Structure formats: C-alpha cells, structure tokens
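Note that ligands are numbered from 1 as they come in the structure, with each ligand's atoms numbered from 1 the same way. Everything numeric here is computed off the predicted structure, so don't read it as measured data.
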Amino acid sequence: MGKKVHLGLIYGGKSGEHDVSLQTAFAVMGELDYAKYEITPFYITRLGEWRVGPMLAGKPLAIDELRLDPADPAAAQPVPAFPLAPLLDRLAGGSAIAGGGQPIDVVFPLLHGPFGEDGTIQGLLEIADIPYVGAGVLASAAGMDKITMKKIFAYEGLPQCVFRYFNRAQWEKDASFFIMECEVALGYPCFVKPSNLGSSVGISKAKNREELIAAVDFAFRYDRRVIVEEFVDAREIEVSVLGNDDPKTSVPGEIAPSNEFYDYKAKYVDGKSTIHIPANIPNKTADAVRDMALRAFLAIDGSGLSRVDFFLRKTDGQLFINEVNTMPGFTPISMYPLMWKESGLPYRDLLDKLIELALKRYADKQTIDYGGSGGN
Ligand SMILES: Nc1ncnc2c1ncn2[C@@H]1O[C@H](COP(=O)(O)OP(=O)(O)O)[C@@H](O)[C@H]1O
Ligand SMILES: [Mg+2]
C-alpha cells in the first residue's frame, strides 16, 4: 500500500463562525478514510492562538477534544500565543516542534469568515509552500468582500441587484447624500450589510430612513465599508461548484428560510429552514443558474470548491446572483455537500476529490516561472 497522505486540518478561528468550524472539523475527521489519510489537527482559539494536536492515525477526536486542551474547553483563557515561525516549520515538516512533525502533504482550512475564508490563511499557506484545499488568496478575498465581488460580477455581465456602497469616513462626512442615493436608487425596504463578512452577521433589512441609519451604524460595527442593496422578493437558489480550471456544477438546491430572511438564527440556530434538493425550478432556470455559477467561479478565479447563491425573483422569475462562498458550510448536512450527494458524489468521495484538487493545483503552480530564474 502507498504512503498515507498527511492532512493538516485547521479549524476554529477568530471569526464569529468558530463553532460552525468546529462542527465541520468534527464531521470531516469522522468521515475521512484513515486507510488513506493521517491527520494532524490545528486548532485556532477564538483569540487567534494556535494549538497543534497529535497526529491521528486511526480515529478522529471526540467533539470535546477538538480544542486540544481538555482543561480549557471554552478556550476563553488566553494561552501563550504559538509563535508563527515554528508553526510554519511544523506545517512545512521541520523539526522545531518537540517530537519533530511528519511533513504535512496538504492542508484543509475548515475556517469560515474573516481570517479563514478571506485569503489571509491562504496567504500563510502560500508562504509556507504547502498545498491547501479550496480557493487561493485572490478568490478568497474577492469572495469575502461583497463590494469587490459585485464589481467583478458586473464586469462579467452577471445580473445582480442594484447596490450602493460607502466607507465610514464618507458616511460621516455626508450621510444625507448617501441616504438620498439609497432612497432614489434602491427604495425601501433595502438590505444593509458590512462588505466583508458572512453568516448574515451585521446584516439588516431597513424599511424606512430611521431604520436605514440604524442599520448602517450597526453594519459599521463589523467593517469599515458598508453596502446597501435593493430588496429582492425572491426564492433562494444555490449551486455547488467543484474543480479548478475546468469546474463542474451540482444540481441546484433551494433554501426556504424560517425567518423573514436567512439570518444567522435561521442558518445555524433554529434548524427550521427547509431545503429542497434538487430545487423545484424549471430546467431552463436550473441550466441558467449552473451556467452563471460557473461564470462567477471563473470570474473570481476560484479553485477547489464554492457555493454560488442566487435570488429567483418571485414576481417575474428573474435571476440575480447574490454571492460566491469560497468556504461554504461543510458539515454533512450543509447545502454544499448535500447538493453533491444528490448529484452522485457522496461526502467521503467529495473530501477525496477536494484533496486531489488541492494537490493538482499545487503541482500546476510549480510550472509557473515567478521570475526568480532571471527571465528578462
Ligand atoms: N438584496 C436582498 N434582497 C432580499 N433578501 C436579501 C438581500 N440580501 C440578502 N438577503 C437575505 O439575507 C441573507 C444573507 O445575505 P447574504 O448577502 O447572503 O449574506 P451572507 O454573506 O452573510 O450570507 C440572504 O440569504 C437573504 O435571505
Ligand atoms: Mg449568503
């Protein structure tokens, strides 16, 4: 039998999606085939400190072991920060850590939101020269920042809702100008969001001027830039994309939020949102969303995986792209894996495929001349 692939799983993290990440890590660890993989867990606390666990060669960690420190289950206490140099050394297979780590072949960053899905961890892994699952630096950052993402979609001619945006200084200087702009271009209700976040954190629906101002102030708690969008009364359709330069799409799914909109509670807490896979939509519409999902994935230079989300307007069936999520929810009951399951690719095979794509992307990049050899 060939050598096992040594997989580094990074999970937890400083973002609001810390707990979701733990659930994902638990599911992935439980599902991986230990005949093929050995796994080293890397846990990032809520404070951003790193803990490295022992290599798992046969069985996953229990859910309460994931924090790699049973004495500190909530990880609320500051622990000495893990210095970055030995950590990178460990990732890259050096021996600075007691016991000397086996080199990691590929990393699976199971992190959502800021510092995980936004290109920062991807940059770290690029510098450490380690293959990793999923989107690279550019696609991660572009997919995380709603303003940037929408500008890229606009260039591709992808239909999307009307929006306006501003930064804090602009708003403080001339709020009345932006209020007027939003009222004229978008009307009420409108959606107010921090540009760079996920999981519906900081998002509100504003029904009048007073609510708009409160919503903007609220969104500024989470980012320096805010985007305001017209309200689209729509069904929410999603598609999974998998691949690198020649990606494939799954059957589309539909999610019917339990709340007025698909907010954090509807996503993660109450479990009452209903999903339909495949989505009950005409074939023509399914084809259109799959085609648009591919275009969006390629537009941000995606790799590995992405879930692309759409609004299907109720009044006239018009499609709008909402966003690309480069690290979508990834537990076995999340939309991304479920849409693949329905398309004939079960969770375990999906994990294999993602790891294979990461190694492939890394190998492809080795052929690039970065100019170090002199060029011209
Ligand atoms: N312009 C909009 N019109 C109608 N509903 C919206 C609009 N924007 C967001 N929503 C609702 O809010 C949810 C979260 O918004 P989204 O932009 O997807 O943020 P996140 O990146 O946090 O998932 C959507 O799934 C949808 O239910
Ligand atoms: Mg969303």
Any D309 heavy atom less than 4.0 Å to ligand 1: no
Nearest candidate to atom 7 (C) of ligand 1, where distance is taken over non-hydrogen atoms, out of F311, F320, F163: F311
Heavy-atom proximity to atom 19 (O) of ligand 1, best of N196, I203, D233: I203
Sub-4.0 Å atoms of ligand 1 with respect to non-hydrogen atoms of K193: 8 (N), 9 (C), 15 (O), 16 (P), 17 (O)
Common cluster, V5/Y362, ILVMFWY with side-chain heavy-atom separation under 4.5 Å: no
Exceeds 12 heavy-atom contacts within 6.0 angstrom, atom CG of D287: yes
Kindly list each side-chain donor-acceptor pair under 3.5 angstrom involving residues 293-306, sequence neighbours excluded, with atom names and distances?
residue, atom, partner, partner atom, Å
R295, NH2, E156, O, 2.9
S303, OG, G134, O, 3.2
S303, OG, R361, NE, 3.1

N322 and ligand 1 - part of the residue with a heavy-atom distance under 4.0 Å: side chain
Mode of F231 contact toward ligand 1 - side chain, backbone, both, neither (heavy atoms, under 4.0 Å): both
Over 12 non-hydrogen atoms of neighbours within 6.0 angstrom of CD1 in I333: no
Carboxylate-amine/guanidinium contact R46 D19, below 4.0 Å: yes
Residue portion contacting ligand 1 (non-hydrogen atoms closer than 4.0 Å) for K205: neither
Any N or O of C161 closer than 3.5 Å to N or O of ligand 1: no
Any N or O of E323 closer than 3.5 Å to N or O of ligand 1: yes
Name, closest N/O/S atom of E323 to the Mg ion (ligand 2): OE2
Residues that Q23 engages under side-chain contact (heavy atoms from CB on, under 4.5 Å), provided they are two or more places apart: T331
Metal check, the Mg ion (ligand 2) vs D309 N/O/S, cut-off below 2.8 Å: no
Charged N-O contact under 4.0 Å between D352 and K36: yes
